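The figures that follow rest on heavy atoms only: side chains count, while hydrogens, waters and symmetry mates do not. Both counts, for ligands and for their atoms, begin at 1 and track the order of listing. These numbers were taken from a predicted model, which means no experiment stands behind them. Sequential numbering from 1 along the given sequence is applied to the chain's residues.
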Amino acid sequence: MIDTGLDITTEKVAQSGLPKVDFNNIPFGKIYSDHMFVADYDGKQWGDFRIVPFNKLNLSPATSVLHYGQSIFEGLKGFKSQSDDSVLVFRPQANAKRMRESALRMCMPDLPEELFMTGLHRLIDLDRNWVPDVDDASLYIRPFMFATDEYIGLKPSEKYQFIIFTCPVGKYYAAPVKVKVETNYTRASKGGTGYAKTAGNYAAAMYPAKLAQQQGFDQLLWTDGVQHKYIEESGTMNVLFVFNDKLVSIPTSDTILPGITRESVLKIARDWGLTVEERPVEVAEIISGAKDGSLKEMFGAGTAAVITHISHIGLEGETYELPAAETREVSNKILKELKGIQRGEIADTRGWNYKI
Ligand code: COI
């Protein structure tokens with residue numbers, strides 16, 4: 001357990017919203033737990049650590065983030081342990097690390113791991129009854145940091161706010177998804193911000209994704225910004241493939257978010273002795289694999305998405321169907337293992353769970 005010695009004030013809600021929540025029927029991202037953790041950066045250091053009732057923010061229209069987009073976030077999950085009374089948070093130190101990398105790229109202040117972990121620990125400890133004890137449900141944790149200077153001029157903000165709030169969630173994708181290979185728009189290019197978890201990456205993806213949704217797809221399969229020849233990621237998740245008996249993952253780079261679920265999947269697969277390849281994957285390879293049957297499985301991996309089967313690939317007016325989700329041995333086995341570890345049903349031999 002970390003040192004939770006940070007001086008954090010706590011103001012509790014007068015009345016909890018919990019009795020109104022039906023854990024067996026939770027939409028993703030619409031219900032918020034009672035409290036949030038807040039910290040302010042004054043230009044020199046982080047301070048004013050507080051847990052307060054979840055509430056709206058009071059911002060000037062001149063607030064820097066609203067204009068220039070210095071905003072980064074994380075997504076992680078907590079689970080009700082099936083073996084004791086604890087809450088198990090999956091790999092929070094990895095999220096803390098990624099947040100520091102995003103902050104550096106977006107010219108924002110460093111957020112010490114101790115601050116991230118202590119805020120998270122105290123908040124979840126207080127709202128622990130909000131962690132659903134239901135299969136496929138969890139407590140989604142959303143840490144984020146944004147620029148708070150009130151100034152209309154282009155420069156890095158001096159002041160920032162860091163907030164963590166949580167929400168009980170069910171599945172992000174209720175069924176396997178259809179993806180369309182994007183060959184026109186670009187999510188990220190070399191030297192850009194693609195690897196950082198910053199709001200602008202998601203904003204830039206929305207219009208192309210909407211066009212794909214109008215054509216009946218759920219998500220895009222982003223390709224490289226130069227030739228649109230190589231697969232990159234799918235916006236809400238990294239993508240992985242099973243070609244015959246090989247698990248293939250695209251190496252992370254400065255255009256791809258380094259997903260913690262992706263890394264966990266690869267670790268599990270390697271520990272099991274599966275053949276794992278990290279290498280570039282061409283669009284042409286997945287299309288020929290879909291046609292000749294060598295592409296046995298294709299799935300997305302992400303905190304929200306967990307492991308989401310990809311059922312169809314669209315490319316230039318053609319749609320290719322992949323084998324039925326129930327037949328997919330590798331991804332279903334990895335999903336079972338991951339869920340088992342996260343829920344405390346399978347031994348956490350890699351030290352991934354942080355217990356509260
Ligand atoms: C997550 O998987 O936690 C994310 O942040 C993706 C988001 C689009 C829901």
Side-chain angles (χ1 to χ4, degrees), residues 26-33 69 71-79 88-103 105-106 111 116 120 124 131-132 136-146 162-175 177 179 182 187-188 193-210 212-213 217-222 232-240 249 252 255-266 299-310 334-335 338-339 342 352 354:
I26 358 176
F28 195 99
K30 292 190 175 167
I31 295 164
Y32 313 109
S33 317
S71 171
I72 58 173
F73 68 98
E74 274 303 320
L76 61 162
K77 280 178 174 168
F79 300 82
L88 302 174
V89 182
F90 190 67
R91 304 193 67 184
Q93 291 93 342
N95 293 85
K97 179 168 176 277
R98 190 170 65 184
M99 192 146 191
R100 297 177 79 173
E101 285 156 9
S102 298
R105 178 62 182 85
M106 300 309 292
L111 188 91
F116 183 102
L120 182 136
I124 290 169
V131 185
D136 287 327
S138 58
L139 187 76
Y140 188 83
I141 305 163
R142 172 50 62 89
F144 66 111
M145 192 215 294
F146 59 98
F162 172 60
I163 299 182
I164 309 177
F165 69 89
T166 68
C167 36
V169 295
K171 281 188 166 179
Y172 190 78
Y173 291 115
V177 295
V179 296
E182 180 58 67
R187 175 186 171 274
T193 60
Y195 70 92
K197 206 158 172 67
T198 184
N201 289 343
Y202 294 81
M206 284 181 190
Y207 178 62
K210 183 175 150 188
Q213 279 152 13
F217 295 96
D218 301 293
Q219 258 303 333
L220 289 174
L221 200 53
W222 289 105
E232 298 235 299
E233 59 155 272
S234 186
T236 51
M237 49 198 191
N238 295 111
V239 283
L240 294 98
S249 170
T252 54
T255 57
I256 296 178
L257 187 86
I260 294 156
T261 311
R262 168 193 174 277
E263 199 205 56
S264 308
V265 166
L266 295 181
F299 59 98
T303 296
V306 196
I307 301 279
T308 293
H309 297 296
I310 293 173
I334 291 176
L335 173 60
L338 197 59
K339 273 177 65 178
Q342 290 175 329
W352 284 342
Y354 175 80

Heavy-atom side-chain contact between Arg187 and Asn201 under 4.5 Å: yes

Asn238 meets the side chain to side chain contact (heavy atoms under 4.5 Å, CB included) criterion, sequence neighbours left out, with Glu233, Ile256, Arg262

Identify all N/O pairs between ligand 1 and the protein with a separation under 3.5 Å and present them as a table of atom names and distances.
| residue | atom | partner | partner atom | Å |
| --- | --- | --- | --- | --- |
| ligand 1 | 2 (O) | Thr303 | N | 3.4 |
| ligand 1 | 2 (O) | Ala304 | N | 2.8 |
| ligand 1 | 3 (O) | Tyr140 | OH | 2.4 |
| ligand 1 | 5 (O) | Tyr140 | OH | 3.3 |
| ligand 1 | 5 (O) | Lys197 | NZ | 2.8 |

When you check the side-chain N and O atoms of Thr308 and Tyr172, is any donor under 3.5 Å from an acceptor? no

Nearest heavy-atom pair of Lys171 and Asp136: which atoms, and what distance? CE-OD2, 3.4 Å

Of all heavy-atom pairs linking Ser264 and Leu338, the shortest is CB-CD1, 4.2 Å

Test: Lys97 and Glu101 ion pair at under 4.0 Å: yes

